[in-house]
Amino acid sequence: MCFFFLVSALFCCRETTVAQAFGENGAVAVIADAPEAGTLHAYSAVLYDAESGRVLYEKNGYEVLPMASTTKILTLLVVLENSEPDEIVTVSKNAAMQPDVQLNMNTGEQYYVKDLCYSLMLESHNDTAVALAEHVGGSVEGFAAMMNAKAKALGAYSGNFVTPNGLDADGHGINAADLAKIAAYAVKQEDFIEITNTESYSFKELTKGRGFTVSNKNRFLTMMDGAIGVKTGFTGKAGYCFVGAVKRNDRLLISVVLASGWPPNKNYKWSDTIKLMEYGISGFEKKPLINDIEELPELPSLPVIKGQQESVSLCYGEEGLTGLSETKRLLSGTESIRFIPEINFNALPAPAEKGTEVGTLLVKVGKDCIQKIPIQTAEAAVPVNYGFYFKEMLNMFFSGEAFTTLRGLFH
């Protein structure tokens with residue numbers, strides 16, 4: 001054991017550590033200049049890339065605000081995911097008493113869920129929202145809990161939903177960035193888009209056969225090529241609000257404007273939305289994250305603790321590299337991509353298998369981390385053993401290195 005301790009001391013003397021010697025530099029090609037979004041009437045606005053989940057532009061986009069009937073985007077999602085189209089909704093007194101805008105349902109009437117979904121989104125009926133909420137959630141409060149759970153599942157953590165129709169209520173609000181996140185999910189659901197893009201829809205009440213026709217009030221659908229939604233909103237507290245979506249060949253954009261004026265300026269929301277969407281279309285170009293993986297920062301070797309080799313070489317995860325070279329993102333002319341390696345260890349304890357994850361390559365645009373790639377060991381770190389120490393001791397003895405090292409330890 002004394003021999004083992006002595007030789008261990010010899011080898012511990014030669015161990016070193018590696019500093020995290022990576023700065024935020026990573027050479028990247030810069031794309032041509034893009035126009036700015038311009039001045040907006042909206043107090044809060046966001047332009048969002050629905051494919052990458054990145055905010056492309058924001059003005060007070062992370063401030064929680066009331067959002068009026070844009071709330072119904074989430075209402076419809078929760079209804080679609082927790083009910084069947086042919087389920088029958090019986091209207092309660094509470095639902096029938098909701099303020100305008102109304103379908104003007106009566107207490108005790110019955111409707112199919114599918115029919116009420118069109119009433120909810122095409123004409124934004126508040127009584128319909130409550131009737132659906134009570135049917136799916138058992139109560140407005142129960143449905144609100146379902147809405148909040150869904151919002152959090154989508155990563156919209158700022159949202160707090162109290163009402164299913166978006167009428168002003170204490171604590172009912174969300175920031176524009178999170179509302180865009182919910183809308184980005186919504187417009188990828190076929191049944192959601194089928195409802196919100198319908199021009200008009202007719203249906204009947206089930207007990208007495210009263211007939212209704214609802215028409216789409218979303219003017220944005222005819223304002224831009226590729227417009228696919230999604231929802232208007234207004235209350236005295238929230239002002240005019242709108243969540244829009246445009247789908248072009250190589251991009252899916254979401255815009256959100258909150259508090260975009262008050263009466264009589266109901267058209268501000270349209271002009272604000274068009275400015276945002278035009279910026280998203282003309283100001284961004286879809287580019288690969290990298291043209292050649294050889295451009296990535298070179299990785300150092302990582303020292304090994306109690307290993308048969310002093311260090312191991314590192315590499316980027318192969319699957320991550322494939323994804324990196326195949327991925328494209330929307331970038332403006334003022335944005336560049338940076339590659340920032342972060343190593344989690346100063347030294348790696350042996351044993352460690354080849355492919356052990358020791359860090360991450362952060363792919364950043366501005367402050368946003370848009371992708372992560374694992375950094376791994378390119379070889380195994382084999383631990384020392386008695387046989388290794390004995391062999392090394394013999395080599396050191398015959399080379400004279402052992403005497404020099406021991407003299408340094410005892411003097």
Side-chain angles (χ1 to χ4, degrees), residues 16-36 47-58 184 188 246-254 279-304 309-348 352-381:
T16 58
T17 60
V18 60
Q20 313 241 347
F22 297 108
E24 294 200 0
N25 36 358
V28 189
V30 177
I31 299 171
D33 290 341
E36 295 183 359
L47 178 67
Y48 187 83
D49 179 6
E51 294 175 331
S52 69
R54 190 166 74 93
V55 173
L56 304 178
Y57 170 89
E58 63 92 12
K188 295 173 186 175
V246 166
K247 188 174 185 179
R248 294 285 177 97
N249 291 335
D250 65 345
R251 65 199 66 191
L252 177 56
L253 301 172
I254 304 294
Y279 175 52
I281 292 165
S282 64
F284 291 82
E285 188 174 357
K286 189 164 277 192
K287 293 288 186 178
L289 294 181
I290 196 167
N291 292 313
D292 187 348
I293 60 174
E294 297 298 325
E295 300 172 17
L296 291 176
E298 185 176 348
L299 296 172
S301 57
L302 183 63
V304 175
Q309 70 267 59
E310 292 187 15
S311 62
V312 291
S313 56
L314 303 180
C315 64
Y316 297 110
E318 188 172 336
E319 290 186 8
L321 288 181
T322 301
L324 185 65
S325 60
E326 295 177 351
T327 300
K328 292 184 177 182
R329 289 286 184 265
L330 290 176
L331 297 174
S332 75
T334 61
E335 293 178 319
S336 60
I337 302 172
R338 294 174 296 129
F339 302 100
I340 306 166
E342 291 187 348
I343 307 299
N344 300 332
F345 300 89
N346 288 327
L348 182 67
E353 296 180 356
K354 177 182 178 181
T356 298
E357 189 168 327
V358 296
T360 306
L361 176 69
L362 304 181
V363 183
K364 284 192 168 185
V365 177
K367 296 180 180 179
D368 298 328
C369 180
I370 61 174
Q371 195 159 330
K372 295 181 179 180
I373 295 172
I375 296 174
Q376 305 171 342
T377 56
E379 55 188 320

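Every value quoted in this text rests on a predicted model; they were computed, and no experiment measured them. All heavy atoms count here, side chains included; hydrogens, waters and symmetry mates do not.
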> More than 12 heavy atoms of other residues, nucleotides or ligands under 6.0 Å from NZ of Lys372: is that the case?
Replying inline: no
For a quick test of your reading: what N or O donor-acceptor pairs under 3.5 Å do the side chains of residues 314-322 make, sequence neighbours left out?
| unit_1 | atom_1 | unit_2 | atom_2 | d |
| --- | --- | --- | --- | --- |
| Tyr316 | OH | Pro297 | O | 2.6 |
| Thr322 | OG1 | Glu318 | O | 3.2 |

Main-chain N/O of [Y] paired to [X] side chain as donor or acceptor, under 3.5 Å:
X      : Y      : answer
Ser313 : Ala378 : no
Asp368 : Ile370 : no
Glu285 : Gly333 : no
Arg251 : Asp49  : no
Arg54  : Val365 : no

>> Quick check for you: to the nearest 0.5 Å, what is the distance between Ile373 atom CD1 and Thr360 atom OG1?
In response: 10.0 Å
> Say you draw a straight line from CD1 of Ile290 to CD of Glu326; how long is it, rounded to the nearest 0.5 Å?
Replying inline: 13.5 Å
>> Do the side chains of Lys287 and Glu335 get close enough for a salt bridge, i.e. N-O under 4.0 angstrom?
In response: no
Provide the closest heavy-atom pair for [X] versus [Y] in the form atom of the first, atom of the second, distance.
X      : Y      : result
Val312 : Glu379 : CA-OE2, 3.5 Å
Phe284 : Leu47  : CE1-CD2, 4.4 Å
Phe345 : Glu357 : CE1-O, 4.1 Å
Leu289 : Phe339 : O-CZ, 3.4 Å
Leu324 : Leu296 : CD2-CD2, 3.9 Å
Val358 : Leu348 : CG1-CD1, 4.2 Å

> Below 4.5 Å, heavy atoms only, C-beta onward: do Leu361 and Pro341 meet side chain to side chain?
Replying inline: yes
> Glu51 pairs by side chain to side chain contact (heavy atoms under 4.5 Å, CB included) with which of Leu253, Leu330, Asp250, Leu252?
Replying inline: Leu252
